[in-house]
Amino acid sequence: MDDTHSAPIDLATIVAGIYEEMKPRLGEGKVADYIPQLARVDPAQFGLAVVTIDGTVHSAGDAAVPFSIQSISKAFTLTLALGKHGESIWRRVGREPSGSAFNSIVQLEAEQGKPRNPFINAGAIAITDLILAGHTPKELIGEILRFLRYLANDDEIVIDRDVAQSEAATGFRNVALANFMRSFGKLDHPAEHVLGVYFHQCAIAMNCIQLARAGLFLANGGTSPLTGHSVVSRQRAKRINALMLTCGHYDGSGDFAYHVGLPGKSGVGGGILAVAPGKASIAVWSPGLNQNGNSLLGSLALEKLASRTGWSVFAG
Ligand code: GLN
């Protein structure tokens with residue numbers, strides 16, 4: 001299992017093999033339990049989808065079962081914010097790994113309400129505030145959903161309203177983060193408007209195949225091979241990938257880079273979107289999480305995939 005590859009990559013066999021290896025471990029890890037809708041999810045599930053930049057799909061296991069994308073949505077709202085405001089977004093949010101948990105508040109005071117990066121909760125809330133400019137919360141929720149449908153080329157993608165409502169009913173920490181930023185003048189809209197959008201973006205439900213398709217523009221220099229449309233410039237795709245690599249897994253980002261070596265964004269629903277630039281977009285889902293709130297079997301599966309394909313961005 002090393003990174004030497006002279007033979008052509010047999011993706012179908014690799015994907016099927018990883019699923020077989022995961023089967024005996026199904027159910028490992030701890031399912032997110034901060035809302036009943038996520039706590040109820042059967043932990044013994046695993047899905048994997050690899051979509052290569054020519055659009056070919058290889059999938060295994062529960063790759064067609066929808067799950068709550070949660071923080072993976074942050075990669076897409078960052079893309080929207082960069083499209084709308086360009087590089088000026090970096091006045092509101094940083095680009096450094098936080099080394100803290102996804103919902104941490106400690107750095108915010110020391111850094112005057114400017115979150116470390118767009119992928120921790122505070123940073124994602126700041127990004128949602130930026131894209132709310134000129135919209136009502138309801139319009140923006142519609143825009144985010146339409147963006148994901150467009151990227152995945154799939155109009156079946158929906159928001160799970162029960163998840164969104166529960167997020168709102170229990171999101172005390174996020175309410176605190178938003179109000180704290182507002183107190184520093186770092187949020188332009190009322191906290192409840194921004195969070196109304198944030199909770200809905202987290203509650204978008206997608207399956208691995210849809211998610212891998214939606215991420216394909218990041219693997220293909222900013223252009224979706226599914227539609228031929230340019231979503232972002234090549235340089236912007238490169239930069240979003242850089243942020244996913246350094247910040248996409250919270251305080252587990254270094255470990256993910258060490259073991260997997262691909263830009264990735266995880267969500268507390270157990271999904272991970274990973275990007276192999278120039279090669280493929282990969283989505284994996286298994287609800288059991290590790291201590292950093294990232295999918296345990298998902299991370300392991302991506303490590304195996306990156307190793308067997310030689311796709312790690314650090315591989316020679
Ligand atoms: N909805 C979750 C929250 O805001 C998302 C966190 C995550 O996926 N890490 O707490």
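We count ligands from 1, going down the list as the structure has it; atoms in each ligand are counted the same way. By convention here, the first residue in the shown sequence is residue 1. Excluded from the calculations below are hydrogen atoms, water molecules and symmetry mates; all remaining heavy atoms, backbone and side chain alike, are included.
- In this structure, Gly267 is part of the shell of residues with a heavy atom less than 4.0 angstrom from ligand 1.
- Taking the six-membered ring for Trp and thresholds of 30 and 60 degrees, Trp285 and Phe67 have nearly parallel ring planes, at less than 30 degrees apart.
- For the pair Ile72/Ile204, no side-chain contact is recorded, criterion being any heavy-atom separation below 4.5 Å from C-beta on.
- Closest approach of Leu262 to Ile282, counting heavy atoms only: CD1-CD1, 4.0 Å.
- Those atoms of ligand 1 with a heavy atom of Asn174 less than 4.0 angstrom away are 3 (C), 4 (O), 10 (O).
- Looking only at protein heavy atoms, the nearest one to atom 10 (O) of ligand 1 is Asn121 ND2, 3.2 Å.
- Of the N or O atoms in Lys74, none lie within a sub-3.5 Å distance of an N or O in ligand 1.
- For Glu20 and Lys23, the salt-bridge test passes: some basic side-chain N is under 4.0 Å from an acidic carboxylate O.
- Less than 4.0 angstrom separates some heavy atom of Gln70 from each of these atoms of ligand 1: 1 (N), 2 (C), 5 (C), 8 (O).
- For Asn103, the closest heavy-atom approach to ligand 1 does not fall below 4.0 Å.
- The aromatic rings of Phe76 and Phe147 lie perpendicular to each other, with more than 60° between the two planes, well past the 30° mark.
- In this structure, Tyr250 counts as a contact residue of ligand 1, since one of its heavy atoms falls inside 4.0 Å of the ligand.
- Contact atoms of ligand 1 toward Cys202: 1 (N) (distance under 4.0 Å to a heavy atom of the residue).
- For the pair Lys30/Asn290, no side-chain contact is recorded, criterion being any heavy-atom separation below 4.5 Å from C-beta on.
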(message) Under the criterion side chain to side chain donor-acceptor pair (under 3.5 Å), I'd like the reasoning laid out for Gln201 against Glu167: C-alpha separation, chi angles, the key distance, then a yes or no.
(response) CA-CA 11 Å; Gln201 73 182 59; Glu167 297 273 356; over 6 Å; no

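- Of the polar atoms of Phe102, none of the N or O atoms is found under 3.5 Å from an N or O of ligand 1, judged by distance alone.
- Remark: ligand 1 atoms within the under-4.0 Å shell around heavy atoms of Ser71 are 5 (C), 6 (C), 7 (C), 8 (O), 9 (N).
- Checked for salt-bridge contact, Lys84 and Glu143 miss the test: no charged N lies under 4.0 Å from a carboxylate O.
- Among all non-hydrogen protein atoms, the one lying nearest atom 4 (O) of ligand 1 is Tyr198 OH, 2.7 Å.
- If you look at Val268 next to ligand 1, the close heavy atoms, those under 4.0 Å, come from the backbone and the side chain alike.
- Residues Lys265 and Leu218 have side chains not in contact (no heavy-atom distance under 4.5 Å, counting atoms from C-beta outward).
- Below 4.0 Å from some heavy atom of Glu167 lie the following atoms of ligand 1, by number and element: 1 (N), 2 (C).
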